Amino acid sequence: MDKLRIRGGNKLCGTIHISGSKNAALPLICASLLTQDRVTLTNIPELSDIHSMNLLLEQLGTNIESRTEVVDGKPSKIYSYLTTKPSSLQAPYDYVRKMRASYYVLGPLLAREHYVELSLPGGCAIGSRPIDIHLSALEKMGAQIEIRNGYVIAQAPKGLTGAHHIFNIASVGATCNILMAATLAQGTTIIENAAMEPEIGNLAKMLISMGAKISGIDTPILTIEGVKELHGSIYKVISDRIEAGSYAVAAAITRGKIELLNALPNTLKTPIRILREMGVKIMEQEHSLIVDAEGCRLEGKDIMTDYYPGFPTDLQAQFLALMLTSEGASMITETIFENRFMHVPELMRMGANINVHKHASAIVRGVKKLYGAQVMATDLRASFALVLAGLVAEGETIINRIYHLDRGYEKLEEKLRGVGADIIRIKNDDLE
Ligand code: UD1
């Protein structure tokens with residue numbers, strides 16, 4: 001397995017181009033299953049999760065073409081998806097095991113083909129992560145669902161019908177799945193307590209561009225009038241707010257200055273507010289962000305993760321790492337996932353001072369120095385926290401299991417090297 005080697009101590013300065021959002025692209029790719037026409041998606045990031053989703057669609061019978069175009073001076077990947085008629089209605093175990101978001105095929109296939117089999121996703125490093133809300137909402141829309149041999153088997157022989165849902169949790173995945181399913185259901189569907197993450201707005205607008213009737217975008221109540229069929233579309237994936245937030249922390253933790261081109265400050269209001277309260281200077285433009293921590297003494301802040309527009313759980317690990325280099329103590333509280341402090345024991349190996357209480361909150365005390373060490377990546381965002389710690393640690397940090405990072409950070413080493421980091425990938429082959 002590949003590793004990263006980081007030699008800490010460099011101040012990061014320069015420009016980073018933010019990629020398209022992984023979490024936005026995954027449901028958009030699955031939404032292409034709702035139509036027999038071609039759907040073209042631009043600004044797709046080159047990530048292993050996207051590759052896994054493409055393999056899954058290919059096994060369902062989707063024809064995928066890709067090409068690269070230069071957009072704003074940067075090569076940008078364009079994929080087009082054509083599912084004239086699915087040749088399989090099953091998302092097998094090996095795909096879902098690799099990538100939970102495979103569950104996004106559930107809504108589209110059930111709505112269009114009235115049948116789908118999905119290997120039931122298990123728990124993962126950050127929690128048990130059930131999909132009960134997706135399933136009970138589909139049942140309410142007329143689906144018959146059973147679990148057999150580890151698979152969810154869902155069928156709706158007469159098609160789905162609209163229903164009024166009140167979600168007990170504002171789940172991102174369930175909101176996307178039911179939104180997609182409802183576009184082809186008979187009648188009206190209302191989703192109350194819908195998640196409001198920008199990726200959902202991106203999906204809803206794409207569905208509208210395909211002929212869907214949706215109102216209430218970016219609010220907690222979505223109303224969808226089912227239509228008979230959807231047509232093809234050309235649509236752009238929004239830029240990745242979590243990648244932008246992660247590199248904003250890279251600027252702050254190294255007390256550097258980075259311009260994040262193509263970032264959407266509008267989608268990062270809470271993290272930007274926290275950074276400012278800590279003492280980081282931030283200049284916002286419509287499509288970019290300058291994060292300037294040069295010469296700054298940063299002050300620790302308390303953070304509690306929450307549903308959008310609250311503080312994103314996907315930036316918790318990175319901000320926790322930042323607090324280690326700030327003055328005073330910070331309390332980080334995780335409210336979305338039950339086991340999302342897996343980065344803490346690894347950071348402690350680098351000299352961090354952190355006390356975790358009941359997997360739910362962590363007291364982080366600023367330390368004078370972090371020290372390079374061998375550490376292990378445990379999940380995608382936790383892995384980036386280790387990169388951040390490595391960037392400021394004295395000496396050399398080796399991060400193992402970086403396949404997690406390849407799931408969600410496009411050209412990570414290239415982007416960090418471009419702003420002055422001493423970081424290289426050690427290929428498995430180089431070690432033999
Ligand atoms: C998505 C994101 C992930 C992010 C998370 C929260 C993708 C591919 N992943 O994950 O990066 O961390 O949103 O912003 O976009 N829950 C249930 N039952 C359900 C569904 C969810 O109990 O049926 C619980 C989950 O276990 C979790 C909470 O609801 O505790 C939020 O989960 P959800 O918003 O669904 O996250 P994902 O869509 O899995």
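Numbering of ligands and ligand atoms starts at 1, following listing order. Since the model is a prediction, treat every value here as computed from it, not as a measurement.
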At under 4.0 Å between heavy atoms, which part of [X] makes contact with ligand 1: side chain, backbone, both or neither?
X: R407; answer: neither
X: D314; answer: side chain
X: I242; answer: neither
X: T313; answer: side chain
X: I133; answer: both

Legend entry - Least distance between heavy atoms, A385 atom then A317 atom: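 Shortest heavy-atom contact: CB-O, 3.4 Å.
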Work out whether the distance between some heavy atom of [X] and some atom of ligand 1 is less than 4.0 Å.
X: A195; result: no
X: M53; result: no
X: F167; result: no

Inset, instruction - Could you tell me whether H231 atom NE2 has more than 12 heavy atoms of other residues or ligands within 6.0 Å of it? - result: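 Atom NE2 in H231 is packed in, count exceeds 12.
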Legend entry - Within 6.0 angstrom of M283 CE, more than 12 heavy atoms from elsewhere: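 Yes - once you tally the heavy atoms of other residues, nucleotides and ligands closer than 6.0 Å, there are more than 12.
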Legend entry - With E334 via salt bridge (Lys or Arg N to Asp or Glu O under 4.0 Å) - residues at least two apart: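 Expected list: none.
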Legend entry - Nearest-contact summary for atom 16 (N) of ligand 1 - protein heavy atom, Å: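 Ranked first by proximity to atom 16 (N) of ligand 1 is P130 O, 4.1 Å.
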Inset, instruction - Considering only non-hydrogen protein atoms, determine which one is nearest to atom 29 (O) of ligand 1 and report residue, atom name and distance to 0.1 Å. - result: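 So the nearest neighbour among protein heavy atoms is I169 CG2, 3.4 Å.
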Inset, instruction - Compute the shortest N/O to N/O distance between G173 and ligand 1 and return yes if it is under 3.5 Å, no if not. - result: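 Yes; at least one N/O pair falls below 3.5 Å.
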Inset, instruction - Give yes or no for whether the N/O distance cutoff of 3.5 Å, strictly under, is met between L26 and ligand 1. - result: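 No; every N/O pair is 3.5 Å or more apart.
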Legend entry - Any donor-acceptor N or O pair under 3.5 Å, side chains K411, S19: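 Side-chain D/A pair, K411 to S19: absent.
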Inset, instruction - Pick out which of L12, T254, I6 makes a side chain to side chain contact (heavy atoms under 4.5 Å, CB included) with V392. - result: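 Option passing the side chain to side chain contact (heavy atoms under 4.5 Å, CB included) with V392: T254.
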